[in-house]
Amino acid sequence: MAKPHLTAEQTVASGIRLLEALSAAPGQTLAVGGACELLACTNAELEQIVDTLSKLSSRSSGARAAITIADGRVTLHGDAALIMPRRFSLEEGMVLAHILDVLDLDDETRERIRAAVGPAQGAMSAPGIVEPARYGSCFARLSEAIEDGIRCTMTYRSLTEGAARTRTIDPLEIQEEHGEVYLVAWDIEKDAERRYRLDRVGEVTFTEESVEHHGALSHSASESLRAQGLVARLVLRPGARTFLLDWAGAADIEPHEDGSMAFSLYYSSESWLFDQVLAAAGELELIEPAELRERLVDYGANLRA
C-alpha cells in the first residue's frame, strides 16, 4: 500500500470535509471508495485522515471523535464529532437572551447572534421573573472567569447562613441538575471543591491571580450531598406526590405493598429537611434517625410558638 503523503494542512482540510459528509450521510456512514472519491485521496491517505480525526477530543468534555474503517465503510459513531448548526433549546435561548441584554453590544450584532443560535421554533424572548432567578445576576461574569481561568472573590449565602459572606474561589464549571443551576468551584480557604447555587451568588470580582490545578473531582449534586454524611430515612405515603423522589439526595428507594415508598435522603441543611417534611403536610414522614425525629418535633413546636 502506498504511503500517505498529505501535508498537515491537507489532512485538516480533508478531515473537515469528511466530517461534513459523514454528518450528512444516512447512518453517518460512507463507502470507502465514495469517501476517497469525495476527498480525491487514496485508501492510505483516507486512513491517515481518519487516524488524525480519531485523536481529536473536546476541550471541555473530553469526548473523542469516534471514526472507524471496517468492512469497506468509514463510519462516524456517536455525536461527539457531528458537524451541524448549534441551535439552543427554548430554555437555553432565554438564558442567551438575558446575557445578550446585559452585554454591551450594538443592536445589529445582538440580533445576528439571536438569529444564528436561537431556538429553531418559538421566539427567543428575554426571561421573565423566574429564569433570571435560576441563573442569578453573575452568570456571564462567572462564565468569563471559567473560560479565562481567573481566580475570583464572590459573596454567597448558604442555607445555613443568615447573611452572605465573601469567598475566594477558583471557578471550574457551571452545571444544571434537577432544575437548579450550580457553580462548581474550588474554595481556597477550605481547600476543597464546593458547589454554589447561582441564584445565591452575589457580587463577583476578578482577582489578579489565575486559577490553580487542584485535582478537583467535580462531583454531581448527589455526590456532594453524600459527602456531607447527613442522611435520613423517610416514607412517602400512598398517593403522595412522587416528584419528591426526584430530589438530588434521594437514594435507596424501596416500594411497599400498600403503595408507600421508603427512601434515604442525603441533605446538607437540617432546617431545609424539616421544612420539606412539614410542607408535605403528612405526605412525607421522617422515620429515622430517632434523634432527628425529636428535633423535628421541637422545630415544629417552635414554629407554632
Side-chain angles (χ1 to χ4, degrees), residues 1-89 92-93 95-96 99 109 112-120 140 142-151 170-177 183-186 193 210-220 223:
M1 180 180 291
K3 292 184 178 180
H5 60 274
L6 295 176
T7 65
E9 184 178 350
Q10 290 172 327
T11 302
V12 171
S14 296
I16 294 173
R17 182 71 186 93
L18 179 59
L19 288 178
E20 290 175 341
L22 287 171
S23 296
Q28 282 71 62
T29 182
L30 295 169
V32 167
C36 289
E37 182 179 354
L38 174 71
L39 302 177
C41 69
T42 65
N43 284 7
E45 290 169 342
L46 178 63
E47 291 181 2
Q48 176 187 352
I49 295 166
V50 168
D51 181 64
T52 300
L53 290 174
S54 298
K55 294 175 181 177
L56 300 177
S57 64
S58 167
R59 183 179 69 177
S60 58
S61 69
R64 285 188 173 274
I67 306 176
T68 59
I69 299 178
D71 301 324
R73 303 194 70 81
V74 56
T75 305
L76 174 62
H77 304 276
D79 59 4
L82 281 175
I83 294 181
M84 60 182 66
R86 176 65 168 101
R87 306 298 301 190
F88 286 166
S89 67
E92 291 171 327
V95 178
L96 176 62
I99 299 304
T109 300
R112 284 174 54 204
I113 295 174
R114 291 181 193 270
V117 297
L142 287 169
S143 296
E144 180 182 350
I146 292 169
E147 180 70 21
D148 296 338
I150 303 172
R151 178 170 291 179
D170 284 350
L172 303 175
E173 61 179 326
I174 292 174
Q175 297 178 348
E176 184 169 357
E177 288 189 42
L183 167 68
V184 181
W186 193 269
E193 184 183 294
S210 299
V211 301
E212 297 179 4
H213 177 69
H214 302 280
L217 299 178
S218 189
H219 291 301
S220 65
E223 291 170 332

Going from [atom1] on [X] to [atom2] on [Y], what distance comes out if it is rounded to the nearest 0.5 angstrom?
| X | Y | atom1 | atom2 | answer |
| --- | --- | --- | --- | --- |
| Glu20 | Leu38 | CD | CG | 9.5 Å |
| Ile146 | Ile174 | CD1 | CD1 | 4.0 Å |
| Leu19 | Ile67 | CG | CD1 | 5.0 Å |
| Leu39 | Leu30 | CG | CG | 9.0 Å |
| Ile16 | Ile49 | CD1 | CD1 | 11.5 Å |
| Ile69 | Leu46 | CD1 | CG | 4.0 Å |

Do side-chain atoms of Asp170 reach the backbone of Glu212 as a donor and acceptor pair under 3.5 angstrom?
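Such a contact is found between Asp170 side chain and Glu212 backbone.
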
Any idea which heavy atoms bring Pro171 and Arg151 closest together, and the distance?
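Heavy atoms of Pro171 and Arg151 come nearest at CD-CA, 4.5 Å.
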
Kindly give the heavy-atom pair with the smallest separation between Arg73 and Ala31, and that separation in Å.
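Where Arg73 meets Ala31 most closely, the heavy atoms are NH2-N, 3.6 Å.
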
Applying the side-chain contact (heavy atoms from CB on, under 4.5 Å) test to Thr68, which of Thr75, Thr29, Val50 qualifies?
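Only one of Thr75, Thr29, Val50 forms a side-chain contact (heavy atoms from CB on, under 4.5 Å) with Thr68, namely Thr75.
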
